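Working notes, structure below.
Naming: A, B, ... by sequence-line order, numbering from 1 per chain. Treat the numbers as computed from the prediction; the structure is a model and nothing was measured.
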Number of protein chains: 6
Amino acid sequence: MAYLKDVLDQGGAFEGPLLVKSCERGIASNGSAYLSMQLQDITGSINGKKWSIEDTDGEVLAPGKIVRITGTIFKYKNSPQIKVEAASPMQEGEYDPSDFYLSCPIQDEELYKRVKETIALIQDPDLKLLTETVIKENEEKYFTFPAAVSVHHAYRAGIVYHSLSIAKDAIDICKNYPFLNEDYLLCGALLHDVGKTKEMDGVLASSYTMEGNMLGHITMGTMIVGEAGERIGTPKDKLTIIEHMILAHHGQPDFGSPVFPMTPEAFVLHVLDDLDAKLNILETSLKDLKVGEFSQRQPFIDGRPFLKTK
Amino acid sequence: MAYLKDVLDQGGAFEGPLLVKSCERGIASNGSAYLSMQLQDITGSINGKKWSIEDTDGEVLAPGKIVRITGTIFKYKNSPQIKVEAASPMQEGEYDPSDFYLSCPIQDEELYKRVKETIALIQDPDLKLLTETVIKENEEKYFTFPAAVSVHHAYRAGIVYHSLSIAKDAIDICKNYPFLNEDYLLCGALLHDVGKTKEMDGVLASSYTMEGNMLGHITMGTMIVGEAGERIGTPKDKLTIIEHMILAHHGQPDFGSPVFPMTPEAFVLHVLDDLDAKLNILETSLKDLKVGEFSQRQPFIDGRPFLKTK
Amino acid sequence: MAYLKDVLDQGGAFEGPLLVKSCERGIASNGSAYLSMQLQDITGSINGKKWSIEDTDGEVLAPGKIVRITGTIFKYKNSPQIKVEAASPMQEGEYDPSDFYLSCPIQDEELYKRVKETIALIQDPDLKLLTETVIKENEEKYFTFPAAVSVHHAYRAGIVYHSLSIAKDAIDICKNYPFLNEDYLLCGALLHDVGKTKEMDGVLASSYTMEGNMLGHITMGTMIVGEAGERIGTPKDKLTIIEHMILAHHGQPDFGSPVFPMTPEAFVLHVLDDLDAKLNILETSLKDLKVGEFSQRQPFIDGRPFLKTK
Amino acid sequence: MAYLKDVLDQGGAFEGPLLVKSCERGIASNGSAYLSMQLQDITGSINGKKWSIEDTDGEVLAPGKIVRITGTIFKYKNSPQIKVEAASPMQEGEYDPSDFYLSCPIQDEELYKRVKETIALIQDPDLKLLTETVIKENEEKYFTFPAAVSVHHAYRAGIVYHSLSIAKDAIDICKNYPFLNEDYLLCGALLHDVGKTKEMDGVLASSYTMEGNMLGHITMGTMIVGEAGERIGTPKDKLTIIEHMILAHHGQPDFGSPVFPMTPEAFVLHVLDDLDAKLNILETSLKDLKVGEFSQRQPFIDGRPFLKTK
Amino acid sequence: MAYLKDVLDQGGAFEGPLLVKSCERGIASNGSAYLSMQLQDITGSINGKKWSIEDTDGEVLAPGKIVRITGTIFKYKNSPQIKVEAASPMQEGEYDPSDFYLSCPIQDEELYKRVKETIALIQDPDLKLLTETVIKENEEKYFTFPAAVSVHHAYRAGIVYHSLSIAKDAIDICKNYPFLNEDYLLCGALLHDVGKTKEMDGVLASSYTMEGNMLGHITMGTMIVGEAGERIGTPKDKLTIIEHMILAHHGQPDFGSPVFPMTPEAFVLHVLDDLDAKLNILETSLKDLKVGEFSQRQPFIDGRPFLKTK
Amino acid sequence: MAYLKDVLDQGGAFEGPLLVKSCERGIASNGSAYLSMQLQDITGSINGKKWSIEDTDGEVLAPGKIVRITGTIFKYKNSPQIKVEAASPMQEGEYDPSDFYLSCPIQDEELYKRVKETIALIQDPDLKLLTETVIKENEEKYFTFPAAVSVHHAYRAGIVYHSLSIAKDAIDICKNYPFLNEDYLLCGALLHDVGKTKEMDGVLASSYTMEGNMLGHITMGTMIVGEAGERIGTPKDKLTIIEHMILAHHGQPDFGSPVFPMTPEAFVLHVLDDLDAKLNILETSLKDLKVGEFSQRQPFIDGRPFLKTK
């Protein structure tokens with residue numbers, strides 16, 4: 001299979017399967033209609049134009065479909081574009097999904113295993129039960145949804161992978177600063193982003209849900225955990241402390257948390273959440289550079305370009 | 001009964017009932033212990049010192065108690081202070097509570113009647129049921145708690161009085177701008193501060209609860225309404241819109257709302273909530289001035305002094 | 001007559017009258033000159049290109065003129081554009097001006113009547129005389145100028161319509177909060193934007209005047225009212241209070257007011273001015289949507305999209 | 001005469017004339033009344049307490065009076081205080097006013113002469129006439145009022161001294177940057193603070209006037225110059241440019257200017273106004289230090305202490 | 001020995017050794033002089049007043065001295081105070097310095113050993129040599145100076161203890177995010193605060209040096225490392241990357257770094273520096289509380305009180 | 001020679017020498033490669049496209065080269081563009097460099113003379129030696145480098161021209177405010193931007209160096225002066241004061257200075273640096289306008305357009 005990254009800069013004829021991210025109709029200066037679409041595989045994405053529309057295009061080129069594209073790639077104002085000559089549907093089994101969208105670097109079973117192991121480290125039975133219950137009740141989405149539409153961990157199983165990474169950091173930090181309460185920190189690490197299971201519209205997460213936009217994952221996650229905790233009888237103070245950790249995990253009002261952290265563990269969770277997300281962004285943005293080169297400016301990390309040092 | 005405001009500036013002997021707001025132990029330079037307390041009636045408050053401690057003082061001078069105080073008032077560094085010579089307990093019935101703390105300007109029955117009338121204006125049956133249910137389930141606190149520990153509507157029944165005042169404004173505004181959805185606005189006006197029933201520690205509201213501090217009334221109100229709405233079957237979108245109004249009613253993250261208003265009614269609710277609170281502050285701070293005089297600087301209204309014009 | 005909104009998305013041939021907002025010369029890659037213009041009717045606007053220039057084009061396509069346009073509409077980079085083949089002048093009487101620019105929803109006589117009725121509500125004879133005098137002396141512009149070049153009430157008679165709407169709100173608010181001084185509030189509501197009669201360059205208000213840019217309508221309005229008040233003998237303190245309301249009506253320095261509000265009425269005027277402007281923006285931006293749809297992001301209301309709820 | 005600065009730190013008996021800045025009544029713990037007052041001469045100020053009140057004290061110790069004080073100085077919580085035993089009135093002629101409040105370092109005739117010379121440098125007859133007229137019409141206050149109640153040039157003739165100092169800087173700057181229009185800059189330098197003649201309540205300037213608080217000297221100065229200019233026929237554009245310089249001379253909304261500078265001269269006037277005020281503050285605060293010592297923190301210059309280097 | 005914390009709240013007679021932090025002269029209302037001093041041992045501090053001054057007091061009560069104090073403790077405005085009756089000098093050997101000021105929780109040899117072990121982990125010979133050299137050349141101060149006058153790690157050997165703690169975190173973080181360059185991170189962790197050896201005036205660090213105030217430890221640390229690196233031939237790019245880490249370690253201009261982090265390691269160093277400092281503050285402020293109690297508001301961590309959870 | 005400004009708006013054939021600022025490869029929609037380049041002379045700049053690539057183009061069209069260009073100019077989206085038909089190399093001597101990039105308005109000898117004269121005004125021998133030494137050791141770059149890549153004084157010898165202009169202002173200011181230390185101010189004025197010799201990549205300054213980006217000219221300048229001062233024995237305090245002036249010359253952290261000014265001279269240097277840079281921007285942006293016209297908005301001066309008044 002021809003990967004986009006191998007052909008984007010060369011231009012020329014292209015034939016191969018691509019995932020349709022979006023597809024819209026436009027009107028050309030000669031009055032006839034055309035289609036403008038965004039196509040991608042795991043190695044990159046490209047804007048496509050199809051100048052002759054066929055009746056079946058609406059169905060074939062629906063967002064989320066994987067389609068065999070024939071066309072020509074060229075540069076239009078410094079960005080590659082593909083003139084689509086033909087688009088034919090493909091069946092499941094004819095392609096490997098992992099060729100078209102990113103997944104987290106770990107297999108599903110391993111994710112389940114690590115979550116189980118992390119929960120096992122929680123000594124407090126109330127917090128252990130709360131963590132188990134909430135994850136169980138949201139299991140499918142918790143183990144498959146991305147952590148964001150874009151920006152960081154924007155791939156299948158991003159929520160769980162990001163949560164486990166924070167939990168790993170948390171275990172180390174608790175060793176270095178033994179006055180921290182590891183049980184709260186692990187419970188908070190695993191549950192802090194559970195609201196994202198209601199914020200995004202699916203595993204591909206092309207957009208946010210209406211309640212995602214109007215309430216946000218921080219409030220929704222607090223509500224999910226609060227409702228579950230009341231139902232299973234988590235003691236009031238412990239539940240409030242976990243709800244607070246979820247509410248405060250963005251660290252300050254300007255970043256979406258209505259309250260500032262007020263426990264050491266809520267503060268540490270915020271720092272590790274921010275650190276893990278930003279290191280994920282940096283790792284991705286430096287991946288294809290050589291040592292000594294600068295990345296693009298990073299809009300989420302002070303707007304600076306970063307130097308690759310390793 | 002001798003009211004504080006009549007004697008504070010004159011100084012001299014005092015005898016009469018006062019409410020104990022707080023009472024703490026100190027050590028004098030001669031090594032003996034003394035009590036320092038805050039005393040109030042509805043007209044003012046004063047710091048008291050009791051230099052000889054009796055065994056019963058701990059019980060008699062407990063915060064919340066109304067006590068007969070005998071002593072001498074004088075000025076200490078520009079503030080009045082009372083040297084307490086004796087403090088004897090009083091029984092319910094011996095005093096009128098309204099002599100010691102503020103209440104809202106309307107009687108209880110009238111408040112119930114107005115809430116009922118306002119709910120009756122809501123046309124949408126789902127929103128009407130939701131409003132009725134939430135108020136019913138939190139009735140006692142909803143009709144007696146203050147809207148704040150201090151600042152605005154800091155008196156008995158402050159929540160309901162403030163909510164009704166906003167609803168009254170809302171009805172007028174909907175007449176002037178008919179594209180607004182009155183049902184959402186009335187439901188939001190009545191429910192927006194319901195979380196304060198969990199945020200404050202009682203009708204006297206001398207402080208915030210632990211969950212009040214760590215979660216805040218905005219999140220708790222959203223959770224109360226969300227839980228009730230799910231239980232009684234409020235349609236998903238309507239419920240989300242009301243939850244959003246509660247979440248957004250402080251208008252912006254810096255003032256405690258994790259989301260900005262995203263419906264016209266959420267925006268109007270925020271404006272009227274802010275307007276009603278600030279006019280309550282202004283009315284109180286100008287009450288005892290003459291036309292043409294300036295008030296103290298108002299820390300919650302841009303820190304300016306305000307001119308009395310009427 | 002063919003309205004733009006009906007043809008913009010379809011593309012194809014167009015013939016009909018349009019208002020010329022602007023028209024500029026460019027040079028094509030083959031070295032020959034062309035005209036680029038902005039054309040509008042009351043339903044929308046479109047960019048036009050005329051590739052062959054005629055001697056009379058300078059006069060015919062002058063900004064402000066209504067012209068019969070023949071051409072072809074197509075989409076250029078997602079925006080509609082019209083290739084202008086011919087442009088012929090039209091005479092007054094051949095078209096209805098209200099097809100080309102917005103006017104306020106109320107007829108002129110009604111506006112005069114309402115202003116008169118509002119002034120009649122002012123009890124204080126000094127404030128009544130001041131209000132009458134200032135409006136009389138700026139009558140033509142006060143009753144026809146828009147409230148802004150764009151953003152809100154950007155149509156004929158926008159100043160007076162917006163001022164009356166605020167006055168209407170003010171009357172309601174004074175009923176709900178009787179400590180407010182209605183005379184000051186009505187005088188301030190009617191006069192607060194009088195400086196805009198010097199800030200904009202005409203009823204169509206395509207731009208701001210030099211003094212509008214360098215002094216601003218807030219300072220100019222204060223000067224107009226101050227000069228008139230001194231001339232007709234408005235008592236010093238009353239005049240200062242009205243001048244202050246005009247100066248403070250944007251609420252804070254960052255929004256153009258050199259002083260914060262320092263009377264309850266100045267504060268309320270600011271809140272109502274802001275509320276009326278933003279509800280005008282919201283009404284306009286939601287007008288053509290269906291219930292449940294989101295508007296574009298609103299740059300003047302926290303940059304959020306708004307949900308249509310009614 | 002015994003100057004305060006010579007006796008403040010030593011303590012002990014004091015007898016001599018002092019200016020009464022303020023005087024208020026208090027109640028001592030023994031129930032009897034006392035007076036608390038602020039006393040000053042040109043070298044310093046001290047808080048005074050008079051424990052026995054006489055009938056004549058109200059008249060003798062009125063703010064603004066110069067009074068012969070007999071008493072004892074001691075340190076109370078690190079601040080000097082004087083126990084006033086007697087206070088007797090003094091007549092004009094018995095004391096030299098310059099012993100009690102600051103004046104600018106230049107004699108009156110010299111100030112008049114320099115203003116005249118500066119005006120003579122203005123080439124443009126319209127701007128020259130405007131400058132002369134405005135200064136003439138506000139002559140007494142312009143030549144005697146301080147530039148502020150405190151902070152900078154807070155002494156008799158502070159406005160004119162500060163304005164002349166800026167004009168002097170302006171002449172140098174125009175030599176170094178010849179594209180600047182010296183006429184506008186000199187006119188603006190001399191007139192920029194003329195509004196302060198209405199902002200302060202007198203030569204001693206113990207406080208701001210009501211219109212000073214509610215309108216501010218920037219708006220009032222613009223109005224004074226605008227009214228005069230229209231009356232004497234200053235051409236419209238020239239007048240707007242000078243009004244703009246006055247409006248913009250604080251440089252930005254946060255510092256009180258509703259508009260940012262929009263001419264090179266308005267920008268330079270703002271920079272020089274700020275520079276002259278701050279150097280006046282620095283000179284004063286470093287005056288009594290030795291080289292190598294740090295001043296107090298300067299609240300108006302970034303809150304930093306400054307090192308004396310000369 | 002009687003520790004202050006055991007006697008502060010009881011009041012009464014005191015006799016024992018205390019460290020003099022500061023001592024100043026005042027004048028009492030009877031005109032005689034007295035001394036006001038700050039006294040401390042490792043468990044707390046107290047203000048002292050000595051009402052009779054002896055000739056030797058200047059020498060005996062000099063800041064930094066340990067003195068045998070006899071006096072009486074009482075509460076003055078809620079703060080304990082000691083009336084000093086006698087103060088006699090003590091000789092080295094008569095007391096244990098660790099009874100009077102805080103030290104880091106680790107012995108000196110252990111600190112040396114850990115620094116050596118950490119340097120041994122640096123693989124890159126240039127960075128290893130640079131780290132060794134800079135620490136060697138500043139050894140005495142590097143191993144004994146506190147990390148701050150107050151706030152965090154404000155005790156003997158605070159710099160090195162804080163640096164080692166960050167290095168420990170860094171090693172864990174590099175395991176979890178293997179794209180990070182551990183050599184740069186360890187070198188930066190050990191050297192980032194070396195400028196503090198010039199910023200503070202000694203092991204007790206009662207204040208900042210003149211160059212500490214005027215240049216700051218960030219600039220001075222960069223200069224120390226830059227000078228050493230140039231001298232020993234550290235390759236230009238490596239040296240720039242380390243200088244950048246030191247410059248950027250406060251994360252942003254508002255917190256003292258003239259540049260934002262531009263390498264992943266500079267970013268991580270900033271996060272860990274901030275985390276370690278704040279956890280040190282939290283640990284200290286929660287130390288003496290019970291689980292479920294709130295600390296004082298933390299001015300350096302969003303101004304919030306923190307809940308003790310373990 | 002045909003200057004760009006004379007032909008940009010007309011379009012049509014062009015032949016003449018131009019400086020290549022940058023040159024990059026692209027791919028056209030027909031699959032063949034093309035070159036996109038930025039070309040300039042002293043009067044303007046233009047984007048060029050060369051659709052047929054020759055083997056020698058890489059060498060001929062290298063950035064920094066002056067090349068004879070043959071082609072056609074036209075407008076592409078409101079910006080002029082040139083279709084390059086041929087590009088032939090030119091030899092030194094065939095063109096005058098001053099036709100292609102800006103230089104400061106003063107000849108080299110005059111710059112040397114003025115620097116010498118300014119140094120001669122420094123009375124303090126330590127500061128005079130420090131100034132001489134640092135300039136001598138960085139002479140070539142100090143006398144030829146621009147003060148910025150763009151924005152202000154972005155031309156050959158910009159550093160020295162800008163420094164001399166500030167020194168000239170400083171001499172005037174010291175006359176008006178004699179408490180200022182002229183020696184420090186002149187030394188600071190001449191040395192404050194010496195770090196720019198390491199920040200930019202050459203006389204043409206098409207970009208910043210790696211250390212320029214990661215350390216900044218403020219830190220590098222402080223290091224250059226600090227190292228030189230220590231080497232030649234400048235007394236510690238004097239050196240610290242000069243280092244502080246360089247560190248603080250941007251006035252505040254948000255503009256790149258890690259410390260605020262803490263001497264009067266550091267404060268004045270900051271004001272004059274800012275004033276001189278902005279007047280340079282204003283002079284340039286108003287140069288080609290007529291009196292009464294407004295400039296473009298000035299992104300570095302509050303984003304305002306400025307009115308030409310002379």
Side-chain angles (χ1 to χ4, degrees), chain A residues 137 184 188 192 195-196 198-199 201 208-232 234-267 269-270, chain B residues 137 184 188 192 195-196 198-199 201 208-232 234-267 269-270:
Chain A
E137 292 177 356
Y184 282 126
H192 79 289
K196 287 185 176 171
K198 289 191 170 181
E199 195 184 35
D201 68 351
Y208 291 101
T209 60
M210 179 214 179
E211 62 179 339
N213 277 317
M214 293 183 73
L215 304 179
H217 78 273
I218 285 185
T219 296
M220 292 190 297
T222 307
M223 292 172 85
I224 290 170
V225 171
E227 189 279 326
E230 278 195 34
R231 183 157 34 82
I232 64 174
T234 309
K236 189 69 191 311
D237 279 6
K238 289 184 186 171
L239 186 55
T240 298
I241 288 170
I242 294 297
E243 290 170 322
H244 168 78
M245 287 179 83
I246 298 176
L247 264 190
H249 84 264
H250 278 200
Q252 55 175 292
D254 280 351
F255 300 151
S257 277
V259 291
F260 286 93
M262 290 171 71
T263 65
E265 294 76 27
F267 171 69
L269 175 59
H270 155 58
Chain B
E137 292 178 356
Y184 282 125
H192 79 289
K196 286 184 176 171
K198 288 193 170 178
E199 195 184 32
D201 67 351
Y208 292 102
T209 58
M210 180 216 179
E211 60 179 339
N213 277 317
M214 293 183 73
L215 304 179
H217 78 273
I218 286 185
T219 296
M220 291 190 297
T222 307
M223 291 173 84
I224 289 169
V225 171
E227 188 279 325
E230 278 194 37
R231 182 158 33 80
I232 64 174
T234 310
K236 189 69 193 309
D237 279 6
K238 290 185 187 171
L239 186 55
T240 297
I241 289 171
I242 294 297
E243 291 169 322
H244 169 76
M245 288 180 83
I246 299 176
L247 264 192
H249 84 265
H250 277 200
Q252 54 173 289
D254 279 351
F255 299 152
S257 277
V259 291
F260 286 92
M262 290 170 71
T263 67
E265 294 76 28
F267 172 69
L269 176 60
H270 156 58

Going from CE on B:M220 to CG on A:L247, what distance comes out if it is rounded to the nearest 0.5 angstrom? 10.0 Å
Kindly indicate, with the supporting measurements, whether the criterion side chain to side chain contact (heavy atoms under 4.5 Å, CB included) is fulfilled by B:D254 and A:Q252. CA-CA 9 Å; B:D254 279 351; A:Q252 55 175 292; over 6 Å; no
Looking at A:T219 and B:P258, what are the two nearest heavy atoms and their distance? OG1-CG, 4.0 Å
Heavy atoms, side chains only, cut-off 4.5 Å: are B:I241 and A:E211 in contact? no
Taking only residues two or more places apart in sequence, or in another chain, which ones meet B:H244 in a ring-ring contact (aromatic ring centres under 6.0 Å, His included)? none
Working to the nearest 0.5 angstrom, can you tell me the gap between B:T240 OG1 and A:M214 CE? 7.5 Å
For A:L215, which atoms come within 4.5 Å of any heavy atom of chain B: side chain, backbone, both, or neither? both
Any residue of residues 222-230 of chain A which, by heavy atoms, sits under 4.5 Å from chain B: A:T222, A:M223, A:G226
